[in-house]
Asks: 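Starting off with a structure, shown below.
Proteins get letters first, then strands, A, B, ... in listed order; numbering begins at 1 in each.
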2 protein chains.
Amino acid sequence: MTKTRTLSDLARHLGLSPATVSRALAQHEQIAVKTRARVAQAAKDLGYVPNRTAQALASGRTGFAGFLLPMRGRGLADPFLGEFVSALTEGFGAKGVELLLSAVPRDGSEDRHLESLITSGRVDGVVVSRIECNDTRIALLLSRGVPFVAHGRLAHDEEGYSWLDTDGEVAFAQAFDLLYQAGHRRFGLLSIDDPLTFREKREAGLRKAYDANGDPALTLRHVSCSRYDAQARAKAVAGILAGPDRPTAILAIADGLALELIAQAQSQGLSVPDDLSIIGFDNIPSAAHVTPGLTTFDACIADSATQLAEMLLARIKAPSSPHDQRLVRPQLVLRGTHGVAPQRAA
Amino acid sequence: MTKTRTLSDLARHLGLSPATVSRALAQHEQIAVKTRARVAQAAKDLGYVPNRTAQALASGRTGFAGFLLPMRGRGLADPFLGEFVSALTEGFGAKGVELLLSAVPRDGSEDRHLESLITSGRVDGVVVSRIECNDTRIALLLSRGVPFVAHGRLAHDEEGYSWLDTDGEVAFAQAFDLLYQAGHRRFGLLSIDDPLTFREKREAGLRKAYDANGDPALTLRHVSCSRYDAQARAKAVAGILAGPDRPTAILAIADGLALELIAQAQSQGLSVPDDLSIIGFDNIPSAAHVTPGLTTFDACIADSATQLAEMLLARIKAPSSPHDQRLVRPQLVLRGTHGVAPQRAA
DNA sequence: AATTATTTTGCAAGCGCTTTAACTAGTTCC
DNA sequence: GGAACTAGTTAAAGCGCTTGCAAAATAATT
């Protein structure tokens, strides 16, 4: 490692004190403009780059934002983790902040990990995602006074913290209406077990639209499964398709499930969308590549991440500013898995 | 932010000096085992967590590994960025190191960014990926003496640094042989323009197998395009499919192109694989979801990332240890886009 | 019991920067 | 001409930890 120059080296070289050089570099008003320019030039000439660790220790700000990555089954990485992380990184990068990714060990508690991340002073703030209905992380962060933003929200508390969520409630209601208009009466909901808020919201959206409709012919078959268990998923998919009175329209809580559903339906001779309409959620890349293309909602991941980065930066800068809550309207992407309800066989 | 305890607080509480406590926490041999236990217990009781910034400044090691994310066209994030980053994070996390993601601004130079990342002392080492034939980053890192590992390698220099690469050369030769055995004689290579080494290696693999074969009936149509320009890609795909003597077997340098090729071929009435065999590379998730499923090579991204993390940690620990060079054999995934050569129309 | 070896602990000097409070010049004002 | 300012600069005290070296305490040796 080649020896790097320190602030004192630069100060000595300039015949100034370290204090002045530090302030000059930071563009403090109180330093003469001429001096600032002289310092900047010398810094460039000497190739001086401030040591960020020392800056962090002295100033109390690290210039890092944290994000925890729970380690689940291998290869089961969130399909838009790349997009999300990439947009976050860019959003922070624009303001000179970098993203610190921290792995939560498989057997470890996410809360504990989060706590150590913040009390060890590695980050200026964090973004938490995959919020659960009664997520304890939010209370933890609040009690620690650490700037944070949530991607998603609590089920019954949307106050007192900053969050950004995609409006699954509206989306699923919209999906229901679309399919109802197309003549469907027998509905299915293919969901997951986890207590994630987004699941609850989406389900609620469907339920509300369903209840509000009031058509007595309406039926709803609700099947859910564990997300990380392939066998359970297959069983759930089979379950929702079973019997002569199976649904003609199914909403899947996420595209991954929708894809499995399509495959399974097709393999048992059903035509999508002639016999069965399917609408997913997320718009993962594969949704465009299956045949027929999956009709789904685009979750606008990159855009959400960009906004989250901006929101977190704002909180770090002004920790007591009013909280910011944003609901992103997901965009319906019409492809080929929805259609008019099949004629009832005689 | 609740006040956090410092090492001195803990030392005072224990009636020991900070030095002893520091060493005890670090499990130094010279501290009595009994004292170590006492300190550990007190630390737990008081909820003491060392400040990592201070540790970094004092010890010279940050506990961070860096990875640069060049910001290209929005949404064009590398399809396995998520998988890669996730596996890297886990690999580092196992040893208490975290991954720092730094965004290279769209208009900025990656070299300069990398240089500032390392001279500012934010990281103990870096992993660089998407190595180009004459990548300047490697020389830069070497000259700075920073521990690093490359995902990929230089075209003409595989010595003097640590790298891990997927063996695209062998893979493409294998793909050629497979298709030749199936009767194909008119080959196509759909590639990209960028001077990335992996492209060169894969192309070379095909060329070598092609030249070694020597069958005079063999033809090879080579078309390439810019990777980030959808129009150029479409044109390239059209080009490789044009004319009555179009190839019956095409190797695509990456799955993304293969997918576009399938779509285009099908839309002009060609049957895959009856009229046209296609083999890709990478095994992105969508490869399994298109119809027919794409025959391709699995690049083993997660496994590579895990190994890279391990390699970098080894270099950080022993910067002058011998370099480690690893070639990962990609696995051929046989799905539905390859088949026997079509009978020549009379 | 005196001496030497060994184990345990502490002093103090940083790591490279930020920041408070104070200090020095140069102006202005009455 | 000295008080009262203003602008520009600096001394010095950390930020919370690590670590080389030395001291103190304890154990082993003769």
Asks: Below 4.0 angstrom, N of the basic side chain to O of the carboxylate: do B:R130 and B:E110 qualify?
Replies: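 Here B:R130 does not pair with B:E110 in a salt bridge, since their nearest N and O are not under 4.0 Å apart.
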Asks: Tell me whether A:D157 at atom CG has more than 12 heavy atoms from other residues, nucleotides or ligands lying less than 6.0 Å away.
Replies: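 For A:D157, atom CG is crowded (more than 12 foreign heavy atoms under 6.0 Å).
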Asks: Can you name the closest pair of heavy atoms from A:G160 and A:Q325 and give their distance?
Replies: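 For A:G160 and A:Q325, the tightest heavy-atom pair comes out as N-NE2, 4.0 Å.
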Asks: Give the nucleotide from the list C:dT8, D:dG8, D:dC17 with an atom nearest to the side chain of A:A32.
Replies: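 Side chain of A:A32 sits closest to D:dG8.
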Asks: Expressed in angstrom and rounded to an integer, what is the separation of A:I31 atom CD1 from D:dT10 atom P?
Replies: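 Distance, rounded to whole Å: 8 Å.
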Asks: Under a 4.5 Å cut-off applied to non-hydrogen side-chain atoms, are A:L327 and A:W163 in contact?
Replies: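 Heavy-atom side-chain distance check passes, below 4.5 Å.
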Asks: Judged by atom type as modelled, is there a donor-acceptor pair below 3.5 Å linking the side chain of B:R5 to the main-chain atoms of B:L46?
Replies: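 At least one qualifying donor-acceptor pair exists.
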Asks: Quick check against the 3.5 Å criterion: does B:R36 have a side-chain atom that pairs as donor or acceptor with the backbone of B:I31?
Replies: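 Yes, because the side chain of B:R36 sits within donor-acceptor range (under 3.5 Å) of the backbone of B:I31.
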Asks: Which whole-number value in Å describes the distance from A:Q55 CD to D:dG16 P?
Replies: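 After rounding, the reported distance stands at 17 Å.
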Asks: At what angle, to 10 degrees, do the two end axes of the helix from C:dA1-D:dT30 to C:dC30-D:dG1 meet, given five pairs define each axis?
Replies: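 Terminal axis comparison yields 50°.
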Asks: Which nucleotide in the set D:dT9, C:dT19, D:dC15 lies at the smallest distance from any side-chain heavy atom of A:S59?
Replies: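 So the nucleotide nearest the side chain must be C:dT19.
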Asks: Looking at B:C300, is its backbone amide N or carbonyl O close enough to the side chain of B:S304 to form a donor-acceptor pair, meaning the two atoms are under 3.5 Å apart?
Replies: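 Between the backbone of B:C300 and the side chain of B:S304 there is a qualifying donor-acceptor contact (under 3.5 Å).
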Asks: Establish, yes or no, whether a centroid distance under 6.0 Å links the rings of A:H151 and A:F84.
Replies: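 Aromatic pair counts; centres sit under 6.0 Å.
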Asks: Using side chain to side chain contact (heavy atoms under 4.5 Å, CB included) as the criterion, point out the one residue from B:V104, B:T136, B:L68, B:T119 that pairs with B:L114.
Replies: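 When side chain to side chain contact (heavy atoms under 4.5 Å, CB included) is applied between B:L114 and each of B:V104, B:T136, B:L68, B:T119, only B:L68 qualifies.
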Asks: Roughly, in whole Å, what's the span from CG in B:L10 to C1' in C:dT9?
Replies: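 Distance, rounded to whole Å: 15 Å.
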Asks: Judged by each residue's nearest nucleotide on DNA chain C, which is more toward the 5′ side, A:R61 or A:L57?
Replies: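 Result of the comparison: A:L57.
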Asks: Whole angstroms only, please: what is the NE2-P distance between B:H28 and C:dT6?
Replies: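 B:H28 atom NE2 is separated from C:dT6 atom P by 21 Å.
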Asks: How close or far is atom C1' of C:dT19 from atom CG of A:L7, stated in whole angstroms?
Replies: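 Whole-Å distance recorded here is 13 Å.
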Asks: Without decimals, in angstroms, what is the distance between A:Q27 CD and C:dT18 P?
Replies: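 Rounded to whole Å, this separation is 13 Å.
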Asks: Without hydrogens or angle criteria, can the side chains of B:R122 and B:S120 be said to hold a donor-acceptor pair below 3.5 Å?
Replies: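 Checked: B:R122/B:S120 side chains pair up, N/O donor to acceptor below 3.5 Å.
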Asks: Name every residue in residues 34-52 of chain A that has at least one heavy atom under 4.0 Å from any atom of DNA chain D, in order of residue number, or write none if there are no such residues.
Replies: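 Listed by number, they are A:T35.
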Asks: Which part of the nucleic acid, if any, lies within contact of B:Q30, taking any heavy atom under 4.0 Å across all strands shown: a base, the sugar-phosphate backbone alone, or nothing?
Replies: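 Since a base atom lies under 4.0 Å of B:Q30, the category is base.
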Asks: Do side-chain atoms of A:S102 reach the backbone of B:E98 as a donor and acceptor pair under 3.5 angstrom?
Replies: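 No, A:S102 side chain to B:E98 backbone: no donor-acceptor pair under 3.5 Å.
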Asks: For DNA chain D, which residues in residues 14-23 of chain B have a heavy atom at a distance below 4.0 Å?
Replies: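 B:A19, B:S22, B:R23 - these, ordered by number, are the residues of the stretch whose heavy atoms sit under 4.0 Å from the strand.
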